[in-house]
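Heads up: the structure comes next, in structure tokens.
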Amino acid sequence: MLDFKFRPESYFSEGSNSVLLVKLHYPESQWEEQISIYAHALDRMIQLEVVDFYGNEYLLYPSKVEEPMNLENLIYLIEGMQVNQDEMDGKMELVLDGIPEASSDFYPDLETYFAEKRKNFGLE
């Protein structure tokens, strides 16, 4: 049973103010896109940033939080993120087909959630 209310105590260790939060891989997309979500400690908030190989800008809700998110909110963040079409400026447009494979050192159930979702949609 997945614990959707699980929340890590912190994303950051002493001396660290930036971490890789989640790695996503979209095997059904044309280029098998890889996306990383980072958390940065800035101004007593946790700023969230999405990075892909092409340098696209992403719309995230929320884009900053006061404390680590629970698993449920992280899933909503991942499933709701979009490439900002207003900021393309010659960058390669990313098409995220399918359901991602996900991994996170902070959320052990994240990989299981997306693996089960992929299986339910016949993407194994």
Side-chain angles (χ1 to χ4, degrees):
M1 188 77 163
L2 299 176
D3 181 4
F4 290 102
K5 298 302 177 191
F6 170 79
R7 178 189 317 269
E9 286 187 32
S10 178
Y11 295 144
F12 311 105
S13 58
E14 189 173 324
S16 167
N17 64 353
S18 185
V19 295
L20 174 60
L21 194 58
V22 177
K23 289 195 301 189
L24 301 169
H25 173 235
Y26 290 80
E28 287 74 40
S29 290
Q30 180 179 1
W31 305 106
E32 293 192 31
E33 277 79 19
Q34 304 266 352
I35 296 175
S36 299
I37 301 174
Y38 290 88
H40 309 287
L42 294 169
D43 299 326
R44 291 184 230 133
M45 296 289 290
I46 300 170
Q47 304 284 331
L48 303 168
E49 174 188 30
V50 178
V51 176
D52 70 16
F53 180 75
Y54 309 108
N56 289 305
E57 296 289 326
Y58 288 81
L59 300 173
L60 289 177
Y61 182 77
S63 61
K64 59 184 172 181
V65 293
E66 292 181 13
E67 61 184 4
M69 294 177 285
N70 64 30
L71 176 61
E72 180 177 36
N73 289 339
L74 178 65
I75 291 168
Y76 289 145
L77 177 105
I78 292 168
E79 292 182 339
M81 71 181 184
Q82 300 175 10
V83 175
N84 186 349
Q85 299 297 325
D86 295 337
E87 299 292 327
M88 292 300 292
D89 288 339
K91 296 177 181 139
M92 184 170 177
E93 185 172 345
L94 200 61
V95 178
L96 303 177
D97 287 335
I99 296 166
E101 296 170 340
S103 63
S104 173
D105 291 339
F106 298 93
Y107 296 90
D109 284 345
L110 187 67
E111 185 172 351
T112 303
Y113 171 83
F114 279 106
E116 288 178 6
K117 189 169 183 177
R118 288 179 56 76
K119 184 177 179 182
N120 290 338
F121 279 85
L123 297 174
E124 278 294 294

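The model shown is predicted, which means the values in this text are computed figures rather than measured ones.
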What I'd like to find out is whether the side chain of [X] reaches to under 4.5 Å of the side chain of [Y], using heavy atoms alone.
X    : Y    : result
I75  : I78  : no
I99  : F121 : yes
D3   : L71  : no
I37  : L77  : yes
F114 : E79  : yes

Contact summary for [X] and [Y], nearest pair of heavy atoms:
X    : Y    : answer
S10  : P68  : CA-CG, 3.9 Å
L24  : V22  : CD2-CG1, 3.7 Å
K23  : S36  : CG-OG, 4.4 Å
V19  : S16  : CG1-OG, 3.7 Å
P100 : R118 : O-CD, 3.6 Å

Within this structure, what is the [atom1]-[atom2] distance for the pair [X] and [Y], rounded to the nearest 0.5 Å?
X    : Y    : atom1 : atom2 : result
M1   : D109 : CE    : CG    : 10.5 Å
D52  : Y58  : CG    : OH    : 3.5 Å
Y107 : E72  : OH    : CD    : 12.0 Å
K64  : H40  : NZ    : NE2   : 14.0 Å
Y26  : E33  : OH    : CD    : 9.0 Å
E28  : L123 : CD    : CG    : 4.5 Å

Completion exercise
Contacts of Y11 meeting ring pair (Phe, Tyr, Trp, His ring centres under 6.0 Å) (sequence neighbours excluded), chain-then-number -> F106
Review item, side-chain donor-acceptor pairs of residues 41-48, under 3.5 Å, at least two apart:
none

Exercise for the section: Evaluate whether atom OH of Y76 has more than 12 neighbouring non-hydrogen atoms of other residues, nucleotides or ligands under 6.0 angstrom away. Expected result: no
Exercise for the section: Give a yes or no on this: more than 12 heavy atoms of other residues, nucleotides or ligands lie within 6.0 Å of atom CG of D105. Expected result: no
Problem - Any residue meeting side chain to side chain donor-acceptor pair (under 3.5 Å) with E101, in chain and number order, not counting sequence neighbours - result: H25
